[in-house]
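Quick notes on the structure that follows.
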Amino acid sequence: MKKYFWLVIFLFIISRFCFLANYPHFYDSPEYFRESLSGNFFESISRSHESIHPVYLFLTQVFQKITPFNNVWEISLVSTIFGLVGFLSFYFLTKRLFGDKIALLALIPLIFFPHLWLIQTNVLHEAVEQGLFLLGL
């Protein structure tokens, strides 16, 4: 079962990291990108509209300061990393409730579910919320 787990993780990584957005495609993505490049967290919160999400904005600003580049692909990486956190949290939660085999089989639809694929490869806050929620469970 262990080798299949790593195969599923590999599929997740390929399906996410190879398709990271290089342009802010959705709704508030251009604003998220612009504000993540801002150097001041509190100033960017005050300039953005009410529904901008402080945790996502904070994480993207920290990530932007760590990496030497300033492009959409790297900001999308935050969503992918938290998508992986949610993916692994879901696996361990399902494994605890139903066993290793069921947990492994439950991951396969999660990899290819279109909504999850979109939020985990673009400049969107939902992947961070999903990852933190599942980690909390």
List the residues meeting ring pair (Phe, Tyr, Trp, His ring centres under 6.0 Å) with [X], not counting sequence neighbours, and say none if there are none.
| X | value |
| --- | --- |
| F12 | F87 |
| W73 | none |
| F113 | none |
| Y56 | Y32 |

Atom of [X], atom of [Y] and distance for their closest heavy-atom approach:
| X | Y | value |
| --- | --- | --- |
| I108 | F112 | O-CD1, 3.4 Å |
| T121 | T80 | CA-OG1, 4.2 Å |
| F90 | L110 | CD2-CD2, 3.5 Å |

Exercise. Taking everything shown except F58 itself, do over 12 heavy atoms lie less than 6.0 Å from its CZ?
Worked result: no
Exercise. Heavy-atom count around N22 CG within 6.0 Å, excluding the residue itself: above 12?
Worked result: no
For this session: List in chain and number order the residues that pass salt bridge (charged side-chain N to carboxylate O under 4.0 Å, His left out) with E43, two or more places apart in sequence or in another chain; answer none if no residue qualifies.
Result: R47
Distance (rounded to the nearest 0.5 Å) between [X] [atom1] and [Y] [atom2]:
| X | Y | atom1 | atom2 | answer |
| --- | --- | --- | --- | --- |
| I14 | I111 | CD1 | CD1 | 11.0 Å |
| I75 | F33 | CD1 | CZ | 6.5 Å |
| F63 | S76 | CZ | OG | 10.0 Å |
| I9 | L107 | CD1 | CG | 6.5 Å |

Exercise. Can any side-chain N or O of S79 pair as donor or acceptor with the backbone N or O of N122 at less than 3.5 Å?
Worked result: yes
Exercise. Looking only at atom types and distance, does a side-chain atom of R16 sit under 3.5 Å from a main-chain N or O of L77, one as donor and one as acceptor?
Worked result: no
Problem set entry | side chain to side chain contact (heavy atoms under 4.5 Å, CB included) partner of L57, the single match among V55, L59, T60 | T60
Seminar exercise, completed: Residue set satisfying side chain to side chain donor-acceptor pair (under 3.5 Å) with D100, at least two apart, ordered chain then number -> Y91
Exercise. For Q61, which residues count as a side chain to side chain donor-acceptor pair (under 3.5 Å) partner, sequence neighbours excluded?
Worked result: S44
Transitively linked via ILVMFWY side-chain contacts under 4.5 Å: [X] with [Y]?
| X | Y | result |
| --- | --- | --- |
| L135 | I81 | no |
| F19 | F10 | no |
| W6 | F17 | yes |

Identify, with sequence neighbours excluded, every residue that meets side-chain contact (heavy atoms from CB on, under 4.5 Å) alongside [X].
| X | result |
| --- | --- |
| F133 | L137 |
| L97 | L93 |
| Q130 | L116, I119, Q120, L134 |

